[in-house]
Structures are given as structure tokens and as C-alpha cells.
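Notes to accompany the following structure.
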Amino acid sequence: MTAEIGHTAGRTVRLTADGPGVRADGEMLATAGDDGTVRVEIPVLCDLPPGERTHVTVTAVDVDDPAQQTTLTGSLLVAEPGSGVVADYEISNEGTETLTYSVVFTFMSGDGGAVTNQTATVRDVGPGKTVRGTVRAGELPPAAPRVTQAKVLTVTRVPASEAPTAPGTCPASGIRVSADEGDAAMGLRVVGLRLDNCGTRAYTVEGYPLLELLDNDLKRVDGVEILDGSGEITTGAGPDKRPRPVTLSPGESATAGLVWRNTTEFGTPVTVLYVRVRAKTGADPVTVTPNLDLGTTGKLGVRPWEKAER
């Protein structure tokens, strides 16, 4: 069960949950974010059949001052049974700016084999703040081995003001930028960029997205040539469409692409973890994590924006 409950920013609370036919599987601790909200997933035990609806009350008690209590009551729909395996995590921001983190967990069997991966996105962690939470393994196939352990596979973080928006939400600009997980074949890499007009007005782009390559410390990477078009990288995927104005009505989308080869010859291979993307000059930046393994090629091709098919 996922819950968001208000409390004093930066304070640690002890959470419990109960209601008719439902109760928390023990107590858990969480820390309120800078906006004064505790966001947490609470494992619950349920005696009700799937499809039954009940109500549940979440109580947050301040660890250092038990007199500070906050309660939240809401409706709960009992879902089909799934995996009850969860992993606890703790994220501390030791930097000087507010960051959004993305953490990939691997859930493993007793022999260390990977069973499934899950990603937790932890938003708006302020400087010097620590956030704790849990991530669930999710529903597993009946034949899947028993999960007995979990480990962190990767951790990435971007400035909170430049993080891709959460699914189903629209930023104030009305324009949502995201990157897919990419495709790799025979050393050729392709990552798609998507521009969604989730606002209320038409939005026009022309030509190529504007890119800034960043290293693991979010510092600019020099020495890589960003090319208009992918023709110098490959012709195997067909020619790029000619750059032209693309006007998106509300609800429409455009796509572009990053194309490179993971060729390593003489020199030091270059990997670019982050890319800061602007849809056009003056647009708000969004930092994505395509993890460009450029090898020693020193080149990255960019395909122009074109309207996506509905």
C-alpha cells in the first residue's frame, strides 16, 4: 500500500496502518521530504478477498516527539495476490542542491541469480537530507525461484528541477521530455527522445533537440562532437527525415533520436551517463540518463524532431 501523509519537513516518523480486515505488516520508519510529505510504501496483511474495498487509517508518529501525530484515512481496494517481497533503502543527499534519485534494485534467489529488477524514483531530496523507503519485487511468475536477497544495481541522480516528470503528470511548461531504454545491435546504439505536448496550447519545434553531455558528477563533457543527423554514424537504419517545423497540438508528440557506435580503438573510451536536453532554444532543460558508451569514436548523432504517429 502506497501512502503520502503530511508532517514536519526533515522529521522521522514511525508509521502504522490498520482498518477493517487490513493491518500493517509491522511498523516502519520514514522521513518527511522538504515539502513536508512522507511518501512510503507500507506492506500490509489482508484478510479480505480480491476486489473487496475497505478503509484504512495511516498514523505517523514523530520519533523524537510522540506528541506530534498525523493521521490519514482513505479507501483501499484489495488487489490480486502478488509478491510480498520488499527491500528497504536509504538515500542521503550530501550535495548542495536538491536532487531526484533513480535506484535500480535486483531481487535475487538464494544462489545469487537475478529474479527481477525494480526501479524506485525518489524525488526532491534536499541537501543534507536522508529519505528512507521500500521497493517491492512485484508479481513474479509461479515458476520463479524464491527471492531471498536484494542489492542495488545502479544509482543515478539529477537536479530535481531538471528531472523527467512523474508518469501521468505534466510540468508547468506543458511540455514533457523523456528518453526510452534504447536499442543496441552489433555495436550500434540508438536511444529515442520523446516530446509530449501535455499542455493546453500548440507547441512548435524545428530541427534538432539541443544537448549538453554530462559526466557522473553532472559536469560538462568535452571532446565529443554532436552531429546534426545520423548519416556519419550509420546508414543501416535508413536516412533521417529532413528537419522541418513540427507543431504539436495538445495531446500530440514528437520523437528524435541519439545514435552512436560503441567502437573502441586507440585512446580512452568515453562514457556519458547524463544528457541535458532542451526541446528548442529557451525551453526548460530536462536531464535524462541514457548512459552513452561512446567508445573512442568521439561522435554522437542526433536525429531531428518529427511528429509521432498516434
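Values below: every heavy atom of this structure, side chains too, minus hydrogens, waters and symmetry copies.
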Remaining members of hydrophobic cluster (4.5 Å side-chain criterion), V104: L153
For T271, the side-chain hydrogen bond (donor to acceptor under 3.5 Å, both in side chains) test, sequence neighbours excluded, returns none
Sequence neighbours left out, what passes side-chain hydrogen bond (donor to acceptor under 3.5 Å, both in side chains) with D62? Give chain and number order. H7, R11
For T12 and T31, which I'm curious about, is there any donor-acceptor pair between the side chains at under 3.5 Å? yes
W260 side chain vs D293 backbone, donor-acceptor pair below 3.5 Å: yes
Distance (rounded to the nearest 0.5 Å) between E212 CD and R278 CZ: 6.5 Å
In Å and rounded to the nearest 0.5 Å, what is the SG to CD1 distance from C170 to I175? 7.5 Å
Mark yes or no: K280 above the aromatic ring of Y208, with NZ or CZ under 6.0 Å from the six-membered ring centre and no more than 45 degrees from the axis. no
Check the pair E252 / K307 against salt bridge (charged side-chain N to carboxylate O under 4.0 Å, His left out), numbers first and verdict last. CA-CA 8 Å; E252 291 186 324; K307 185 172 289 190; 3.3 Å; yes
Run N291 and T289 through side-chain contact (heavy atoms from CB on, under 4.5 Å) and show every step you take. CA-CA 6 Å; N291 195 22; T289 55; over 6 Å; no
Under the side-chain hydrogen bond (donor to acceptor under 3.5 Å, both in side chains) test, which residues partner Q118, sequence neighbours left out? none
So which residues get pulled into Y274's cluster when ILVMFWY side chains under 4.5 Å apart are joined, directly or through others? V158, L214, L218, L273
Taking side chain to side chain donor-acceptor pair (under 3.5 Å) as the criterion, tell me which of T16, T73, D18 meets it with T57. T73
For residues 153-171, which residue pairs pass the salt bridge (charged side-chain N to carboxylate O under 4.0 Å, His left out) check, not counting sequence neighbours? E162-R276
Give me each pair satisfying ring pair (Phe, Tyr, Trp, His ring centres under 6.0 Å) with a member in residues 90-116, each pair once, sequence neighbours excluded. Y89-F105
Is it the case that the side chains of T263 and T297 hold a donor-acceptor pair, with the cut-off being a distance below 3.5 Å and no angle test? no
Between the side chains of D196 and S253, does any donor sit under 3.5 Å from an acceptor? yes
By side-chain hydrogen bond (donor to acceptor under 3.5 Å, both in side chains), N117 pairs with (sequence neighbours left out) T106
Residue list, salt bridge (Lys or Arg N to Asp or Glu O under 4.0 Å) with E90, at least two apart or on another chain: R132
Pairs involving residues 93-119, ordered by first then second residue, that meet salt bridge (charged side-chain N to carboxylate O under 4.0 Å, His left out) (sequence neighbours left out): none
Could you identify which residues cluster with L29, counting Ile, Leu, Val, Met, Phe, Trp and Tyr as linked when any side-chain heavy atoms lie under 4.5 Å apart, either directly or through a chain of such contacts? V63
Pairing residues for D222 by the salt bridge (Lys or Arg N to Asp or Glu O under 4.0 Å) criterion, not counting sequence neighbours: R220
Does a donor on one side chain sit under 3.5 Å from an acceptor on the other, for S230 and R303? yes
